[in-house]
Structure formats: structure tokens, C-alpha cells
Amino acid sequence: MKYLLQILFLSFLLIQVYAVQAQRFPAIALWHEGTPYANPEGGAEMDSVYEQTGDHLISNVNDPSITPFLPAKENATGIALVIAPGGGHREIWIDHEGYNIAQRLVKSGIACFVLKYRLSRDEHSDYTLDQSVEDMQQAVRIVRSRASEWNIDQTKIGVIGFSAGGQVAALTDIQATNANPDSDEPIEKFSSKPDFQALIYPAWTNNMTLTKQSSPAFIICGFHDMESISTGVPELYLKFKRLNIPAELHIYANAEHGFGIRKGDTGPSSKWPDTMVEWLYYINEVNKE
């Protein structure tokens with residue numbers, strides 16, 4: 001009986017360690033001095049459910065935030081990702097392109113921060129795409145400013161975006177600002193430049209103008225996605241190639257738009273998180289057996 005109790009106690013401890021690894025921490029507001037261009041009469045954030053899949057859809061975002069998912073210290077690789085779910089800039093599909101992603105990646109030692117950003121096409125808002133990008137840039141600065149607290153390497157902080165969020169992620173890199181050590185604002189002493197980017201079936205790729213300063217990219221889409229994405233994504237890869245910027249492209253023959261991560265997914269496209277983790281380890285020189 002004594003040994004049985006010891007085994008049960010150890011099993012409980014292991015469960016607690018795993019829970020810490022996959023724990024969702026409280027959301028952190030991006031703008032402590034007040035959200036720029038915020039509508040003071042914007043009302044409360046809205047959370048609805050898409051009945052066909054059970055996904056939660058967030059809209060009317062007036063107080064943008066990040067929700068941290070942190071691996072246990074002994075499992076941390078130093079890599080971090082700010083995650084921008086998609087939703088056509090009208091809403092945020094927070095589960096299969098947000099929380100599910102974070103819960104999967106944190107098991108691989110990657111710190112994740114799910115972003116709720118202001119939406120430029122939400123019927124309740126007057127925000128522009130610039131504000132969406134500003135939110136993600138601010139999120140990168142916050143993660144970089146608290147890197148030591150969260151067991152993150154300041155040089156291993158990237159962004160990942162899905163569909164409309166992919167556009168936000170790409171523009172976050174393209175329009176990134178450098179650190180300003182002379183700024184009166186402490187957060188502006190940290191760069192908003194991602195060290196790498198993952199663009200998952202990104203939308204509006206024709207409007208993306210890269211430079212030689214663009215960060216390495218992991219890019220995927222489905223063969224059966226809408227034409228602008230299924231042909232636009234390979235063309236985006238070629239933009240990276242012509243500038244000699246490291247990029248990896250995967251097009252899944254079985255996939256349409258918006259696959260993300262859902263319970264019960266099958267087929268080659270369901271394995272994309274594992275492929276991306278291998279890429280993240282490679283570019284960040286992480287040796288994980």
C-alpha cells in the first residue's frame with residue numbers, strides 16, 4: 001500500500017509539471033497608458049461561438065492583449081512566438097489558430113503569446129491595418145523586454161500569423177522599428193523586429209514588399225485554398241528566394257483554407273506543427289533529441 005501511494009503521488013507530481021508546461025497565464029494588456037486611437041465608447045469585447053466547429057470568435061477588440069503560454073524552465077528552448085490568429089480582420093478565431101497552437105508548441109519548449117489585436121474590418125471599429133500591426137509590434141517589444149523573466153532568448157523571438165493574421169505578422173516584420181535607447185518610453189528601448197516569421201496561409205501577399213532586412217520565413221498553405229493564397233504564397237516564397245533570405249515553403253495537397261490545429265485532424269497537413277518546430281530548432285540552433 002505504501003508503494004502504491006508513492007506511485008500515485010509521483011504520478012500527481014508529473015501531471016502538475018505537465019499542467020505548468022501547458023498552462024494558460026492571465027492576459028497582459030499591450031498599452032498600459034491607454035490604447036492608441038481607442039474608441040472610448042467601443043463597448044465590451046465580444047466572444048461568440050461558431051456552431052459548426054465550436055470555435056470561439058473574438059471581435060470588438062478595444063483593449064488588445066497577449067495571453068502567455070510558457071514551458072517549464074527545464075524544458076524551455078529560449079524560443080518565443082507571438083501568435084496572430086486569422087479572421088479576415090473582422091474577428092479573431094482564437095482557438096484553432098491561437099490557443100490550440102500555443103498548447104501544442106509549448107510542449108516543444110517554445111514560449112507562446114496569443115495576440116488579440118485591433119480589427120480593421122470589424123463593423124464595430126474604425127481601426128486600420130496599421131493599428132493591427134502596431135499591436136503585434138508592441139507585443140514583440142513586451143516579450144523582448146521580459147525575456148529573462150520568461151526564460152526567453154532576446155534573439156529568438158518571432159511571429160506567426162494565420163490568414164489575415166499572416167498579413168499582420170508579415171507587416172510586423174516589414175515595418176519593424178529598431179530599439180531607441182534614448183526614448184523616454186521604456187518599452188521603446190526594445191526593438192519590434194522579429195527574428196523570424198511563420199506565415200500560415202497568409203492573405204494579401206501581393207501587397208508585401210520585402211527587403212534584404214526581412215527575417216527568415218516558414219510559409220505554408222493548402223493546394224485547395226483560394227487562388228489568391230494558393231498561388232500568392234509560392235510567389236511570396238520567390239520574393240524571399242530572390243533576396244537570398246532563408247525561407248521554407250510547404251503546400252499541402254489535401255488542405256483548404258484555415259486548417260490550423262483542431263482535435264482529430266488527420267492527413268499530411270495535420271503534421272505541419274512538427275515540421276515548423278524542426279525549422280524553428282534549426283534556425284535557432286536548438287539541439288533537442
Side-chain angles (χ1 to χ4, degrees), residues 18-19 21-25 27 45-59 61 65-71 79-117 119 122 136 158-170 197-203 218-226 228-230 232-233 248-280:
Y18 177 78
Q21 288 178 328
Q23 183 177 353
R24 170 181 165 182
F25 289 79
E45 182 176 286
M46 299 180 183
D47 185 344
S48 59
V49 176
Y50 185 61
E51 292 185 2
Q52 292 184 20
T53 61
D55 284 290
H56 287 83
L57 279 60
I58 306 299
S59 59
V61 178
S65 64
I66 48 172
T67 299
F69 290 74
L70 304 177
I79 302 172
L81 277 171
V82 177
I83 303 171
H89 297 298
R90 295 180 180 85
E91 57 211 5
I92 295 174
W93 289 66
I94 201 73
D95 295 323
H96 81 293
E97 294 177 348
Y99 298 144
N100 293 359
I101 309 300
Q103 289 168 345
R104 164 63 185 84
L105 296 180
V106 77
K107 297 175 186 177
S108 297
I110 298 167
C112 293
F113 302 83
V114 179
L115 175 68
K116 290 182 182 178
Y117 54 96
L119 298 164
D122 188 335
M136 196 168 208
V159 293
I160 177 173
F162 298 76
S163 191
Q167 182 188 28
V168 174
Q197 54 189 315
L199 308 177
I200 313 302
Y201 40 84
F218 178 88
I219 315 168
I220 68 173
C221 73
F223 179 84
H224 297 290
D225 206 326
M226 62 192 79
S228 61
I229 293 179
S230 60
V233 161
E248 186 164 319
L249 171 65
H250 298 267
I251 301 176
Y252 292 97
N254 70 316
E256 298 181 358
H257 188 69
F259 43 89
I261 294 180
R262 286 192 174 96
K263 185 177 180 180
D265 283 348
T266 59
S269 62
S270 67
K271 307 297 192 301
W272 74 264
D274 298 326
T275 305
M276 187 183 73
V277 167
E278 291 179 357
W279 179 80
L280 288 171

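In this text the structure is predicted, and so the values were computed from the model without any measurement. Along the sequence shown, residues carry numbers from 1.
Judged by distance alone, with hydrogens and angles left aside, the side-chain atoms of His257 form no donor-acceptor pair with the main-chain N or O of Ser163 at under 3.5 Å. Looking at Asn100, its side chain does come within 3.5 Å of a backbone N or O of Ile261 through a donor-acceptor pair. A donor-acceptor pair under 3.5 Å is absent between the side-chain atoms of Asp225 and the main chain of Ser230, judged by distance alone. Side-chain N or O atoms of Tyr117 include one that pairs as donor or acceptor with a backbone N or O of Pro85 at under 3.5 Å.
When side chains are defined from C-beta on, Leu280 counts as touching Leu81, because their heavy atoms get closer than 4.5 Å. The shortest side-chain heavy-atom distance between Met136 and Val159 falls under the 4.5 Å cut-off. When side chains are defined from C-beta on, Ile94 counts as touching Tyr99, because their heavy atoms get closer than 4.5 Å. Using a 4.5 Å heavy-atom threshold, the side chains of Arg90 and Leu57 count as separate. Using a 4.5 Å heavy-atom threshold, the side chains of His89 and Val168 count as touching.
Residues passing the salt bridge (Lys or Arg N to Asp or Glu O under 4.0 Å) test with Glu45, sequence neighbours excluded: Lys116.
What you find for Gly88 and Ala164 is that their closest heavy atoms are N-CB, 3.6 Å. A pairwise comparison of heavy atoms in Ala203 and Gln167 identifies O-CB, 3.5 Å as the closest pair. Contact between Leu115 and Ala84 at its shortest, heavy atoms only, is CD2-CB, 4.4 Å.
Taking the six-membered ring where the residue is Trp, Tyr252 and Phe259 present perpendicular rings, their angle passing 60° and hence far from 30°.
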In a table with atom names and distances, give each donor-acceptor pair under 3.5 Å that connects a side chain of residues 271-279 to protein atoms at least two apart or in another chain.
residue	atom	partner	partner atom	Å
Trp272	NE1	Gly260	O	3.0
Asp274	OD1	Arg104	NH2	2.3

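Note: Phe162 and Trp93 fail the aromatic proximity criterion, with ring centroids not under 6.0 Å apart.
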Check: Yes or no on side-chain contact (heavy atoms from CB on, under 4.5 Å) for Val61 and Asp122, after CA distance, side-chain angles and deciding distance?
Finding: CA-CA 9 Å; Val61 178; Asp122 188 335; over 6 Å; no

